[in-house]
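Working notes, structure below.
Below, each value reflects all heavy atoms present in this structure, side chains not excepted, and no hydrogens, waters or symmetry copies.
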Amino acid sequence: MNILFHYKYLMLIVTVTSFFGNCHAEKDKKADTRDSVKISKLILSDNSAKPNAIALKNMFGINAYEWNFLQDPANINLHHTIYEANMAVIKSFSSVRHYMNWNKLENTRGNYTYNPTNNGSWDYDLMYTRCKQDGILVLADLKNCPNWMEATYPTGMRDNENVPAPYGLDKSDPASYADQARTAFQFAARYGYNTAIDKALVKVDSRPRWNNDEVNVVKIGMGLIKFMECDNERDKWWKGPATQQSPEEYAANMSAFYDGNKGKLGPNAGVKTADPAMQVVMGGLASCDVNFVQRMINWCKVNRGYRADGSINLCFDVINYHFYNNNGDILKHERATTGVAPELSMAGQIADSFVKLSNSLSKPPEVWVTESGYDINLYSYQKAAYIGNKSALDTQGDWILRTSLLYMRHGIKRVFYYQLQDDKPFSSVQYATAGLSENGKRRPAADFILQTNTLMGNYTYKSTINSDPLVDKYVNGKKAMYVLTIPDSKGRTGTYILNLGTSRANIYNLKPGVASAVKTQVATVAGKLTVNVTETPVFVEGTNQVN
């Protein structure tokens, strides 16, 4: 499962030996600098508490690997069927960010495989088809260097997280990334929606590996993928120079990936060259540095110019960053010691900075957060805490759901959590126990997401009408739902009087271990209802109907 090569494990050594080893850290904040919806009184930032036209379900994505879909633990060599126990859990989420190792697609240079992949024998066609069938959006993240590219580096510099260009090439030249751009073209040609591609440009490795081996065949315009991401965390300050790119170098990389550097790399390079409608997502940034994106925008002004409508010809359609709520300071690279509730972290402040940058552009790209989450191992600096009689699993559920609600208030358009299953159960390494499921069963975090998604996944954020407790109003046509939460992390409770204007109200409480929120109907008093509020969100809607 490539666990030993995942950056989150490589970081363990750095974390122990270096002050700067925390790749996703934030600083403990005082009350007056918490989430922009202040705890003490209602003071809203420029971006928070504005309507968010995105459906709440968009906040419920998950990071996953192909083996999460296709590998039955009882038959680990079977890679051509869906493992239904895991698929039932995956359907709790609206979207999947697929960590797609480049080596799976192009195990040998210029030879592309998908079904089966020459590396691992995975069936991507089946996986993506099933996701579309079940209404799950897929963000395909092409990441890591293939083995043949890694081998171009001197022995002591070989790392599959190296910059995606052969050793010795100029990292500031888009042409250096032509290999990756050609792979992106092939993937987009197969799984995108453009059926008018010249088939002569589309290639697969159709050679059987052994007798009776299933072989790859050319397919175009399968209509399965709408979003493709260019690598992952290219601002790796905690690793060596071979793995790092400056904003300008990454912009050059993305220009190649996006459209073959405006077509200069040939007719078979770049996502947009294959499917102009496919959306290209910037690789998630670990540093949360909005200036990194601004410098990429500046590079595009100089090197890509402007479109006919006067907007900058950007090399991405979506701005993307990673943020894990804890008591460090990611902007200063200050280490954390524990995870914290989202409202008590820098999450709102950082979201506002990216949304503000996006809104400064004439055609604002969406802003996504494609990694966030909490460990359940209490020795991890990203742990979810025991609070009162709540276990770490229960708190993980509360804080993950509240993270989604926070990002709705701050204008983020999609969120993906890290990740479907633990990388390494019982490990104290950061992010190793952040799974939202185990052994084909949902943890409370996945339960809460499923229950909320089922209840109001199509609702959109309207406003925040109170700050402590937090009271968010969501709407769906003429229907309204109120979400109430105590934004704290010490088991605090409270009450709030909702003026519903109806004779009755439906109250929905989340419960671990079940698929649907527990519904209770009560009478209001002159249209008003006193709601008991805890650190687990509660949902209330007014009604004049009797159950």
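The shortest distance between side-chain heavy atoms of I76 and W67 does not fall below 4.5 Å. Looking at V271 and Y258, their side chains never come closer than 4.5 Å, going by heavy atoms from C-beta outward. Using a 4.5 Å heavy-atom cutoff, the side chains of H80 and L70 are not in contact. In this structure, D231 and Q245 have side chains that are not in contact, with every pair of non-hydrogen atoms separated by 4.5 Å or more.
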* I would like to know whether I297 and V293 meet side-chain contact (heavy atoms from CB on, under 4.5 Å); could you show each step before the answer? => CA-CA 6 Å; I297 294 170; V293 182; 4.2 Å; yes
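With hydrogens and angles left out, the side-chain atoms of N377 and S428 include no donor and acceptor closer than 3.5 Å. Side-chain contact of Y99 with N63: a donor-acceptor pair under 3.5 Å is present, judged by distance alone. A donor and an acceptor atom, one from each side chain of Q294 and N298, are located under 3.5 Å apart.
A distance of 6.0 Å or more separates the ring centres of H98 and F69. Checked against a 6.0 Å centroid threshold, the rings of Y114 and Y191 count as neighbours.
A 6.0 Å sphere centred on OH of Y167 holds no more than 12 heavy atoms belonging to other residues, nucleotides or ligands.
To the nearest 0.5 angstrom, N232 atom CG is 9.5 Å from L285 atom CG.
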